[in-house]
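Here the structure is laid out as structure tokens; the discussion comes afterwards.
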Amino acid sequence: MAKEKETRRPFNLKKEVKLLPGYIILLLWVIFTIALLGWVFGASFSTTAEIFQGKALKFESGLHFENYAKAWNGAGVAGFFGNSLIYSVISCTILILVCAPAAYVLSRFDFIANKFIQTSFVSAMGVPAIMVVLPLFSIISGMGILNNVAAGRTVLIILYVGINVPYTTIFLLTFFSNISRTYEEAAAIDGCPPMRTFWKIMFPMAQSGIVTVTIFNFINIWNEYFLSLIFASSDKLKPVAPGLYGMINSMKYTGDWAGMFAAVIIVFLPTFILYIFLSEKIIGGVTGGIKG
């Protein structure tokens with residue numbers, strides 16, 4: 001079959017002129033962001049002396065790849081990177097396993113507490129983290145488990161999961177609401193129980209929303225600073241955000257700014273790669289779900 005011709009809207013000069021200021025602002029923001037990231041990337045291959053002389057992008061002494069080796073091994077970025085990866089991957093996995101079934105049940109089944117639970121999730125999203133964190137810190141510090149590596153990681157993962165449950169559930173609820181009930185009716189006729197219907201049929205159909213919310217959660221947890229600053233008391237527990245902050249403070253003693261910029265690039269790469277390879281899924285997940 002021949003492909004249908006795409007219908008394009010006629011060019012409207014007046015509308016485009018009205019949008020021109022927005023285009024200009026967006027273009028300036030993109031140029032500024034690219035220039036800033038480009039300078040940091042260039043500085044990571046330079047030397048501290050060249051950076052202070054304003055010659056970070058001239059590479060007069062060549063490209064210094066050893067900055068990345070020093071940042072990864074000497075500055076402890078490898079440990080911070082590994083901790084953030086553990087926190088992000090495990091937390092995102094638990095969030096999907098918990099929130100996807102919860103969102104499905106809330107979107108499909110009518111029961112007494114349904115609206116109350118949805119309202120509670122929406123309300124919880126507006127509660128400042130500091131109101132919850134400080135009482136929890138008093139309780140956990142009293143238990144004396146913060147200095148234990150395994151227990152400390154478990155505490156942070158539980159906190160990351162708990163804080164992101166309301167947002168993740170509400171986000172996925174919209175996707176499940178947009179999926180037609182005919183799929184479940186057909187599965188029921190074939191004798192498929194509700195839980196199997198969810199995991200075999202409904203869960204894959206909400207893939208766009210699941211991937212999108214997982215990416216957002218991964219980025220939020222990867223860049224999280226406040227909780228990790230309070231609960232990660234040991235360098236063995238610190239993720240990248242407080243780890244980089246500690247590196248910045250140590251610059252007054254070491255002066256290795258080139259190594260610090262290399263560390264920034266290393267930390268920035270995972271989220272950048274996610275955006276590059278999954279940008280279409282992110283846009284599709286934000287702009288709409290599945291309808292049918």
Nearest 0.5 angstrom please: [X] [atom1] to [Y] [atom2], how far?
X      : Y      : atom1 : atom2 : result
Ser107 : Ile179 : OG    : CD1   : 8.0 Å
Met260 : Asn67  : CE    : CG    : 11.5 Å
Phe176 : Arg181 : CZ    : CZ    : 13.0 Å

- Query: According to a 4.5 Å side-chain heavy-atom criterion applied to Ile, Leu, Val, Met, Phe, Trp and Tyr, with indirect links allowed, do Leu97 and Phe216 form part of one hydrophobic cluster?
  - Reply: yes
- In terms of hydrophobic clusters joined by side-chain contacts under 4.5 Å, are Ile230 and Val132 together? yes
- Query: Should we count CZ of Phe111 as having more than 12 external heavy atoms under 6.0 Å?
  - Reply: yes
- Query: Would Ser91 and Asn164 count as having a side-chain donor-acceptor pair, cut-off 3.5 Å?
  - Reply: no
- Do Gln118 and Asn114 have side-chain N/O donor and acceptor atoms under 3.5 Å apart? yes
- Measure the shortest side-chain to side-chain distance between Cys192 and Lys200 over non-hydrogen atoms and say whether it is less than 4.5 angstrom. no
- Query: Are Ile210 and Phe203 close enough that some pair of their side-chain heavy atoms sits under 4.5 Å apart?
  - Reply: yes
- Going through the distances and angles, do Phe81 and Trp222 end up as a ring pair (Phe, Tyr, Trp, His ring centres under 6.0 Å)? CA-CA 9 Å; Phe81 191 97; Trp222 184 271; 5.1 Å; yes
- Message: Check for me whether the distance between the ring centres of Phe45 and Tyr68 falls short of 6.0 Å.
- Response: yes
